[in-house]
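First up is the structure itself, then whatever we jot down about it.
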Amino acid sequence: MNCLFKTTASAIAQSKDFKAHAELAFAILPEKPAREFEPYGSPEALAKLSKQNQVYFVLNDPSENIILSTLKPYTAVKQSGVVSTFLKSRADIERLHTILSVYEAEHGLQDGSLKIITEFGRYPAALNTLTNLNGASPRISVLCWNEEVLKIALGAKLSRDEKGQLLPPFEHARTQCLFAARAAHMLPLDTAVPAHLPPAKMLELIDMVASQGFSGKTANSPEEANLIQQVFTAQ
């Protein structure tokens with residue numbers, strides 16, 4: 001995996017810009033509140049997508065009942081796993097591991113087949129408490145961080161300077177993500193590039209991250225995903 005594209009099932013169905021690529025994984029965002037039926041959109045569309053690409057469902061709520069009920073309509077989807085935005089400690093990881101084991105058992109899936117992508121940002125404390133992930137769960141395969149979510153959590157007005165470079169608190173988060181992932185033999189993914197930057201600047205920042213040791217980045221648009229894959233497939 002060199003790119004985790006965050007999007008919705010509806011956006012995928014409407015997009016004409018996306019080009020399928022084996023290294024592109026999809027983080028499917030909920031389109032409706034988690035308590036509603038089929039919160040991630042059409043199960044049929046996602047089942048079709050999962051035949052060619054990795055599909056992960058973004059989990060924002062730690063409730064076991066909500067996790068199990070929101071995933072249930074998508075048993076026909078060949079799920080690769082979940083992206084968790086709420087993990088703050090090893091205990092949270094172990095608990096999510098158990099919840100996914102319950103889901104696998106209920107729906108006839110192989111034990112441990114669903115992987116966990118941990119996203120830092122929503123809880124800044126996680127950047128310190130989850131620095132040692134060795135042995136936390138065999139499900140964790142990828143670590144990433146979310147610049148925009150962290151900016152909100154910190155109450156920061158800016159996360160980058162006028163040249164598009166990260167300001168110190170956010171550069172620290174990037175470094176922590178890289179160190180924690182490599183120490184635990186996991187894939188580190190950098191945050192998405194701000195959408196307002198021109199393509200040439202995006203490409204420059206993506207190339208810089210690739211040279212620092214990241215395995216890839218998250219993306220918020222097909223255009224950004226294509227740029228990320230251009231850089232990382234050439235490494």
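Keep in mind that the numbers below use all heavy atoms, side chains included, and drop hydrogens, waters and symmetry copies.
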Expected output: side-chain [X] to main-chain [Y] donor-acceptor under 3.5 Å:
X      : Y      : answer
Arg35  : Ser69  : no
Ser101 : His97  : yes
Asn53  : Leu24  : yes
Ser84  : Thr118 : no
Gln176 : Thr131 : no
Arg182 : Cys177 : no
Asp92  : Glu94  : no
Thr218 : Ala192 : yes

Same cluster (ILVMFWY, side-chain, under 4.5 Å), [X] and [Y]:
X      : Y      : value
Phe179 : Leu133 : no
Leu143 : Val149 : no
Leu166 : Val231 : no
Phe170 : Ile152 : no
Val77  : Leu68  : yes

ask   = How far apart are the C-alpha atoms of Ile117 and Met1, what are their side-chain angles, what is the distance that settles it, and do they pass the side-chain contact (heavy atoms from CB on, under 4.5 Å) test?
value = CA-CA 11 Å; Ile117 295 177; Met1 181 194 301; 3.9 Å; yes

Assess the side chains of [X] and [Y]: does a donor N or O sit below 3.5 Å from an acceptor N or O?
X      : Y      : answer
Tyr103 : Gln79  : yes
Asn146 : Thr191 : no
Ser137 : Arg95  : no
Glu31  : Ser10  : yes

Heavy-atom distance under 4.5 Å between the side chains of [X] and [Y], does that happen here?
X      : Y      : value
Asn2   : Ser215 : no
Lys115 : Val142 : no
Leu150 : Phe120 : no
Pro222 : Phe5   : yes
Gln230 : Leu227 : yes
His107 : Leu71  : no

Of all the heavy-atom pairs spanning [X] and [Y], show the shortest one and how long it is.
X      : Y      : result
Leu130 : Leu87  : CD1-O, 3.9 Å
Ala11  : Thr7   : CB-OG1, 3.3 Å
Tyr56  : Ser80  : CZ-CB, 3.6 Å
Leu154 : Pro169 : CD1-CB, 4.5 Å
Pro73  : Glu38  : CB-CG, 3.8 Å
Ser42  : Ala9   : N-CB, 4.3 Å

Salt bridge present between Glu104 and Arg139 (N-O < 4.0 angstrom)
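Salt bridge: yes.
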
Item to complete: Answer yes when Glu147 and Arg160 have at least one side-chain N-carboxylate O distance shorter than 4.0 Å, and no when they do not.
Response: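 Salt bridge: yes.
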
Q.
With side-chain contact (heavy atoms from CB on, under 4.5 Å) as the criterion, how do Val82 and Val58 come out once you've worked through the C-alpha distance, each side chain's angles and the decisive distance to 0.1 Å?
A. CA-CA 6 Å; Val82 299; Val58 177; over 6 Å; no

What's the spacing between [X] [atom1] and [Y] [atom2] if we round to 0.5 Å?
X      : Y      : atom1 : atom2 : answer
Ile206 : Gln229 : CD1   : CD    : 10.5 Å
Asp190 : Ile228 : CG    : CD1   : 8.5 Å
Lys151 : Leu167 : NZ    : CG    : 9.5 Å
Phe57  : Leu114 : CZ    : CG    : 10.0 Å
Leu4   : Glu119 : CG    : CD    : 8.5 Å
Met208 : Gln212 : CE    : CD    : 5.0 Å

Neighbour count >12 (heavy atoms, 6.0 Å) for atom [atom1], [X]:
X      : atom1 : result
Lys201 : NZ    : yes
Lys78  : NZ    : no
Lys72  : NZ    : no

**Study point:** Aromatic ring pairing Tyr74/Tyr40, orientation class (parallel under 30°, perpendicular over 60°, tilted between)
**Key:**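 Judged by the thresholds at 30° and 60°, the geometry between Tyr74 and Tyr40 is perpendicular.
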
Taking it one step at a time, do Leu205 and Gln165 satisfy side-chain contact (heavy atoms from CB on, under 4.5 Å)? CA-CA 8 Å; Leu205 294 176; Gln165 300 298 326; 3.5 Å; yes

**Prompt:** What do the steps show when you test Phe86 against Leu59 for side-chain contact (heavy atoms from CB on, under 4.5 Å), and what is the final call?
**Reply:** CA-CA 8 Å; Phe86 57 78; Leu59 299 179; 3.9 Å; yes

